[in-house]
Amino acid sequence: MSSISLYLHTARHLKPRQVFFRGYYFVRKRLGQAAPPNLKGSPDGKPIELVSPILHSRSMEGTAFTFLNRTHDLGGRIDWNFPDFGKLWCYNLNYFDFLNQEGMEKETGFALIYDFIGQAGPGSVGYEPYPTSLRIINWIKFICLHGIRDVEIDTSLYRHALHLNRNLEYHLLGNHLLENSFALLFAACYFSDGKLYGKAREILEAELAEQILPDGGHFELSPMYHQILLDRLLDCVNILAGARPDDSLLDQLRRTASAMLGWLGQMTFQNGDIPLVNDAAFGIAPNTAELLAYAERLGVHPTIRPLKECGYRKVEKGNYELLLDVGNIGPDYIPGHAHSDTFSFVLYREGRPFIVDTGTSTYETCERRLVERRTVAHNTVQVDGTEQSEVWGSFRVAQRAYVRDLVETADSISACHTGYERIGARHAREFAFSDREIVLRDTVTSRKEHSCRAFLHFHPEVGVTLEADRIVADGVSISFSGATEVKLEDYMYSPRFNVQVPGKVIIVSFGQELTTIIKTTAT
């Protein structure tokens, strides 16, 4: 019954077209009708002059490839379906980001493209819509930057574009469909193809309006994916300005990029870090400084709008920066990158991480993936061992918490959420802040007693000790009122994929009310 409940509470949030296209693509594949189309004649692509884009970090050295902090030497013949490190690693291999890494020579990149054309065929990982989308963009950027004219590459590229156009990820939507449309726009500009352009524009106009919130944040609420999509959006500004400089779509892309830049600037800490909220890790996306510099080269400037619809709030006082999550976990129909983290927070002190989100180390379906998404992995409150939002699988959420009664003043933010109503409880948290301290007031309202626990995860470089009824962390005092037990335990911090570093977590048990006082200056 538990499994049935999870499926039902997950599926009921899907949009009708997600359900339809899941069935449609499944049937078409079973009937053998999903292969890329054959072409009549030879397509003629024309390189477009581009402003210098952001170069990707080095992921290829000789015949060795490094993705997600795991390296493998594939030797003289590349296995484009290499399975040993999981599907995401293989996806990265097929993205071809390495074509546009610093120092990539034209001849080497050319040979890699031909190796893929000669080996990878329909049914391989590389022909799935998401890696196809990124590969189209990376091939065209490489071709444009090096002025390559090659009939066989153009033929393969055009087949990829037509194949993608027949397999758009309507069953997923969200960032996947947006990436599909970015790739179609690249192909449309490169091949001067009106049909591909029409489809790209149709999706872009609708999805940018849907996915980019009024405050500029991407609606899946992952700063890492926000950076990834902003980079791709700036690439689209780049190629469209070169191919169709008078196109009205270009104005929409520029406005959207401007709003996204403004949001990202507010979310970024003074040392350049993004908060690792929801699915996020360092070293995957271009950093904020690189994105700002790229936007400047394209003549795109940030538009600052107060953080609101995204549910995040940023407080900067005294010697600290505080990032709060007082919003819903994301769009109901695509919460795959969401965590059970309502009312969690991240605290940087004197420009360094102090209390952190535990991060993301894997997308594989495993216990570690579940641990990193669960309530206990975040700086919030768990009641009776229940998940605020029922995260399961690798990318699914069943019942989820909704934020209610949000009240904001100059010195405080408070709200409650519905995540524990299914066990007869409601959790409310108030954040109060001044130049010298942060006060958290947690209240669990119910007609019966519950076992409540609050969590504080410290960055591994922060020294933490338990002294009587208080915590001392790098000289900073943290005290509790209403606690029945305070424990200091170990946890694993995951700042990057496949990287785990031991740190300390404080677990505070309490009845119905708990007040936590964090002194932000050393005592």
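Please read these numbers as outputs of a predicted model, since none were measured by experiment. Any value given below was found using the heavy atoms of this structure, including those in side chains, with hydrogens, waters and symmetry copies removed.
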Distance only, no hydrogens: is a donor on one side chain within 3.5 Å (strictly under) of an acceptor on the other, for [X] and [Y]?
| X | Y | value |
| --- | --- | --- |
| Ser344 | Thr380 | no |
| Asn100 | His56 | no |
| Gln227 | Thr288 | yes |
| Tyr348 | Asp273 | yes |
| Asp97 | Asn92 | no |
| Thr375 | Glu387 | yes |
| Arg369 | Ser394 | no |
| Tyr170 | Asn180 | no |
| Thr386 | Arg422 | no |

Could you grab the distance from atom [atom1] of [X] to atom [atom2] of [Y], nearest 0.5 Å is fine?
| X | Y | atom1 | atom2 | answer |
| --- | --- | --- | --- | --- |
| Gln18 | His171 | CD | NE2 | 9.0 Å |
| Glu210 | Leu173 | CD | CG | 8.5 Å |
| Met260 | Gln211 | CE | CD | 9.0 Å |
| Leu185 | Lys199 | CG | NZ | 14.0 Å |
| Arg373 | Asp341 | CZ | CG | 10.0 Å |
| Ile517 | Arg436 | CD1 | CZ | 15.0 Å |

If we ignore hydrogens and angles and just use 3.5 Å, is the side chain of [X] paired with the main-chain N or O of [Y] as donor and acceptor?
| X | Y | answer |
| --- | --- | --- |
| Ser477 | Lys519 | no |
| Asp325 | Gly327 | yes |
| Ser222 | Asn278 | no |
| Asp357 | His378 | no |
| His459 | Glu461 | yes |
| Arg313 | Lys308 | yes |
| Asn175 | Leu229 | no |
| Thr418 | Tyr402 | yes |
| Ser481 | Thr515 | no |
| Arg305 | Gly216 | no |

State, with a plain yes or no, whether a side-chain heavy atom of [X] is found less than 4.5 Å away from one of [Y].
| X | Y | answer |
| --- | --- | --- |
| Phe219 | Ile212 | no |
| Gln266 | Lys314 | no |
| Cys416 | Thr443 | no |
| Ile478 | Ile506 | no |
| Leu68 | Tyr363 | no |
| Phe186 | Asp235 | yes |
| Phe343 | Leu440 | no |
| His226 | Met267 | no |

Checklist outcome for this item: The side chain to side chain contact (heavy atoms under 4.5 Å, CB included) partners of Glu309 (sequence neighbours excluded) come to Leu213, Pro214, Asp215
[X] [atom1]: over 12 foreign heavy atoms closer than 6.0 Å:
| X | atom1 | result |
| --- | --- | --- |
| Arg396 | CZ | no |
| Arg352 | CZ | no |
| Glu49 | CD | no |

Before we go on, tell me: are the rings of [X] and [Y] under 6.0 Å apart, centre to centre?
| X | Y | answer |
| --- | --- | --- |
| His337 | Phe395 | yes |
| Phe67 | Phe497 | no |
| Tyr225 | His218 | no |

Heavy-atom pair with the smallest gap, counting every atom of [X] and [Y]:
| X | Y | value |
| --- | --- | --- |
| Phe282 | Ile274 | CE2-O, 3.5 Å |
| Tyr312 | Leu221 | OH-O, 2.7 Å |
| Ser412 | Glu430 | CB-OE2, 3.9 Å |
| Leu323 | Pro275 | CG-CG, 4.0 Å |
| Tyr420 | Gln388 | OH-CG, 3.1 Å |
| Ala338 | Ile329 | CB-O, 3.6 Å |

Checklist entry - Yes or no on side chain to side chain contact (heavy atoms under 4.5 Å, CB included) for Tyr197 and Leu249, after CA distance, side-chain angles and deciding distance? => result CA-CA 11 Å; Tyr197 173 79; Leu249 177 62; 3.9 Å; yes
Item to check | Axial cation check for Phe21 ring with Lys15, 6.0 Å and 45° limits | outcome: no
Next on the checklist: Parallel, tilted or perpendicular, judged at 30° and 60°: which one describes the rings of Phe458 and Phe354?
Outcome noted: perpendicular
Checklist entry - Taking only residues two or more places apart in sequence, or in another chain, which ones meet Phe20 in a ring-ring contact (aromatic ring centres under 6.0 Å, His included)? => result Tyr24
Item to check | Stepwise side chain to side chain contact (heavy atoms under 4.5 Å, CB included) test for Leu276 and Val356 | outcome: CA-CA 8 Å; Leu276 300 183; Val356 296; over 6 Å; no
Item to check | Among Tyr491, Tyr493, Phe345, the one residue meeting ring pair (Phe, Tyr, Trp, His ring centres under 6.0 Å) with His457 | outcome: Tyr491
Closer than 4.0 angstrom, basic N to acidic O: yes or no for [X] and [Y]?
| X | Y | value |
| --- | --- | --- |
| Asp474 | Arg349 | no |
| Glu489 | Arg453 | no |
| Asp411 | Lys317 | yes |

Checklist entry - Passes side chain to side chain contact (heavy atoms under 4.5 Å, CB included), Glu179 versus Ile228? Steps please. => result CA-CA 10 Å; Glu179 294 281 21; Ile228 291 170; 3.7 Å; yes
Item to check | Identified side-chain contact (heavy atoms from CB on, under 4.5 Å) counterpart of Leu178 within the set Arg232, Glu207, Glu169 | outcome: Glu207
